[in-house]
Amino acid sequence: MGYKVDIASFNHIIDKFSDRYLFYAPKNFVGKGAFSDTDSVRYDKIKNLEEIEFNKKSNFSFKEVLLPITQTLFYFTEDKVIEPNFEKKGAVIFLRSCDLHSVKRLDEIYLNNKFSDYYYKKFRENVKFILIGCKSSFENCFCTTMGTNTCDFYDAYLDLKDEKALIDSKWDELTLYLEEGKYENIEVEKSFVDSNYVKVNIPENIDMSIFNSKMWDEYDGRCQACGRCNFVCPTCTCFTMQDIFYKDNGKAGERRRVWASCHVDGYTDIAGGHVYRQKNGQRMRFKVLHKVYDFKKRFGYHMCVGCGRCDDMCPEYISYSNCINKLNEGVSKL
């Protein structure tokens, strides 16, 4: 059963739940884009519905809410290890279908990958997801190909129509509140994209000989190895560790988990000065095949969700979707 509420009433819902949850949504930051006259859409805390950007794709994903860019795992002294204080409030995250599918990918890595990650699990247990409808495809999206354009495993669905908020709730606490408020009952029609401008053809039978294909050499010169594609991707999960020693006491400090990227220098460095993937084309190969081959081999479905942010963000205009299509052509010629 769905509900129709006015904007002021929805803002009251946010206020009502704010004592137990922090609300995160894509927000438009005017003049904060790559250039002085461009905007940036990224996730931040909100206090009302008017702050949410519904009409633009976020430049950055929701990922940094679940996985902070820098996260202190513990503090240490000479003889003691201290666990950091965790955020006591849960989180409510507004996101689109492709991003909600990426949550499943993050859960696979951090919860179902032999062992569960203590820090991710502790926060993840108290997170609710509110799905935002997509009325039309954005540039570079290919979610229909990846099968991530629709989903039904949300806690609540939200759409706006005629200055009204349309809500389909599966979240018991929210449903009870809406029922007690005697809001108008309606059948909420979901807005899902059914076609994209971009199409990809993912080869199903990838032969390992494609590793040595000359197609990857193109990216030795084009790719800058900046890692921006990894950092905006909602499914990239790699991190490194940093031990920070305090200046006033060199025997005390903290261990931090920090985002890492398979594209940047140092990622594959090992003892003895050896580097597994030194060329940028090799790094591109690793990323692409991880998204459409390695992950599926282990978990049964592709890692990529087709959000297209990697294409949006690349300073060299390298198209990941085109790279997949080139991979398909290369596999067909083997």
Could you list the donor-acceptor pairs under 3.5 angstrom formed between side-chain atoms of residues 270-282 and any protein atom two or more places apart in sequence or on another chain?
residue, atom, partner, partner atom, Å
Asn280, ND2, Cys223, O, 2.8
Gln282, OE1, Gln278, N, 3.1
Gln282, OE1, Lys279, N, 3.2

Joining Ile, Leu, Val, Met, Phe, Trp and Tyr whenever any side-chain heavy atoms lie under 4.5 Å apart, the cluster holding Phe60 also takes in Val232, Met313
[X] to [Y] - nearest heavy-atom pair and separation:
{"X": "Val188", "Y": "Gly2", "answer": "CG2-CA, 3.7 Å"}
{"X": "Tyr320", "Y": "Asp311", "answer": "N-OD1, 2.7 Å"}
{"X": "Tyr219", "Y": "Cys323", "answer": "OH-SG, 3.5 Å"}
{"X": "Arg255", "Y": "Asp243", "answer": "NE-OD1, 2.7 Å"}
{"X": "Ser261", "Y": "Phe231", "answer": "CB-CZ, 3.7 Å"}
{"X": "Tyr317", "Y": "Arg222", "answer": "O-NH2, 3.3 Å"}

Plane angle bin for Phe299 and Tyr301 - parallel if under 30°, tilted between 30 and 60°, otherwise perpendicular | tilted
Is a side-chain N or O of [X] found less than 3.5 angstrom from the main chain of [Y], in a donor-acceptor match?
{"X": "Asn196", "Y": "Cys143", "answer": "yes"}
{"X": "Glu51", "Y": "Lys47", "answer": "yes"}
{"X": "Arg96", "Y": "Gly133", "answer": "yes"}
{"X": "Arg257", "Y": "Pro68", "answer": "no"}
{"X": "Tyr197", "Y": "Ser137", "answer": "no"}
{"X": "Arg124", "Y": "Leu66", "answer": "no"}
{"X": "Tyr110", "Y": "Thr237", "answer": "yes"}
{"X": "Tyr154", "Y": "Leu95", "answer": "no"}
{"X": "Glu78", "Y": "Lys80", "answer": "no"}
{"X": "Lys27", "Y": "Ile46", "answer": "no"}

[atom2] on [Y] to [atom1] on [X], rounded to 0.5 Å:
{"X": "Met303", "Y": "Thr235", "atom1": "CE", "atom2": "OG1", "answer": "4.5 Å"}
{"X": "Asp15", "Y": "Phe10", "atom1": "CG", "atom2": "CZ", "answer": "12.5 Å"}
{"X": "Ile167", "Y": "Tyr177", "atom1": "CD1", "atom2": "OH", "answer": "10.0 Å"}
{"X": "Ile324", "Y": "Asn201", "atom1": "CD1", "atom2": "CG", "answer": "9.5 Å"}
{"X": "Phe142", "Y": "Cys307", "atom1": "CZ", "atom2": "SG", "answer": "7.5 Å"}
{"X": "Asp39", "Y": "Lys56", "atom1": "CG", "atom2": "NZ", "answer": "4.5 Å"}

Test His101 against Phe153 for ring-ring contact (aromatic ring centres under 6.0 Å, His included), laying out the working first.
-> CA-CA 9 Å; His101 276 275; Phe153 45 90; 5.1 Å; yes
Could you check whether atom [atom1] of [X] has more than 12 heavy atoms from other residues, nucleotides or ligands sitting under 6.0 Å from it?
{"X": "Asp172", "atom1": "CG", "answer": "no"}
{"X": "Glu189", "atom1": "CD", "answer": "no"}
{"X": "Glu163", "atom1": "CD", "answer": "no"}
{"X": "Asn85", "atom1": "CG", "answer": "no"}
{"X": "Lys199", "atom1": "NZ", "answer": "yes"}
{"X": "Glu187", "atom1": "CD", "answer": "no"}

When Asp159 is tested against each of Lys164, Lys190, Lys135 for side-chain hydrogen bond (donor to acceptor under 3.5 Å, both in side chains), which residue passes?
-> Lys135
Given Glu204, His302, Lys287, the one that forms side chain to side chain contact (heavy atoms under 4.5 Å, CB included) with Val292 | His302
Candidates Leu178, Asp162, Ile186 - the one meeting side chain to side chain contact (heavy atoms under 4.5 Å, CB included) with Lys4 | Ile186
Polar side chain donor-acceptor pair, Ser97 to Asn149, under 3.5 angstrom = no
Judged by modelled atom types alone, do Asp152 and Tyr157 share a side-chain donor-acceptor pair under 3.5 Å?
-> no
[X]/[Y] ion pair, N-O < 4.0 Å:
{"X": "Asp265", "Y": "Arg283", "answer": "yes"}
{"X": "Arg309", "Y": "Asp99", "answer": "yes"}
{"X": "Arg228", "Y": "Glu316", "answer": "no"}
{"X": "Lys170", "Y": "Asp155", "answer": "no"}

Taking the six-membered ring of Tyr21 as reference, does the NZ or CZ atom of Lys128 fall below 6.0 Å from its centre and within a 45° cone about the axis?
-> no
Could you check Cys236 against Lys291 for side-chain contact (heavy atoms from CB on, under 4.5 Å), going step by step and ending with a plain yes or no?
-> CA-CA 9 Å; Cys236 280; Lys291 298 291 185 183; 3.2 Å; yes
So if you build clusters from Ile, Leu, Val, Met, Phe, Trp, Tyr with side-chain heavy-atom gaps below 4.5 Å, do [X] and [Y] land together?
{"X": "Leu100", "Y": "Val193", "value": "no"}
{"X": "Phe74", "Y": "Ile82", "value": "no"}
{"X": "Tyr120", "Y": "Phe62", "value": "yes"}
{"X": "Ile93", "Y": "Leu106", "value": "yes"}
{"X": "Met241", "Y": "Val264", "value": "no"}

From CA spacing to verdict: side-chain contact (heavy atoms from CB on, under 4.5 Å), Leu289, Leu327 = CA-CA 9 Å; Leu289 292 178; Leu327 174 64; 3.9 Å; yes
For the rings on Tyr183 and Tyr3, is their centre-to-centre separation under 6.0 Å?
-> no
Evaluation steps, ring-ring contact (aromatic ring centres under 6.0 Å, His included), between Phe76 and Phe245 = CA-CA 9 Å; Phe76 58 85; Phe245 294 90; 5.5 Å; yes
Before giving the answer on side-chain contact (heavy atoms from CB on, under 4.5 Å), spell out for Trp259 and Lys63 the whole-Å C-alpha distance, their side-chain angles and the decisive distance to 0.1 Å.
-> CA-CA 11 Å; Trp259 283 8; Lys63 181 176 65 176; 3.7 Å; yes
Going through the distances and angles, do Lys326 and Glu218 end up as a salt bridge (Lys or Arg N to Asp or Glu O under 4.0 Å)?
-> CA-CA 11 Å; Lys326 288 179 182 178; Glu218 169 190 346; 3.0 Å; yes
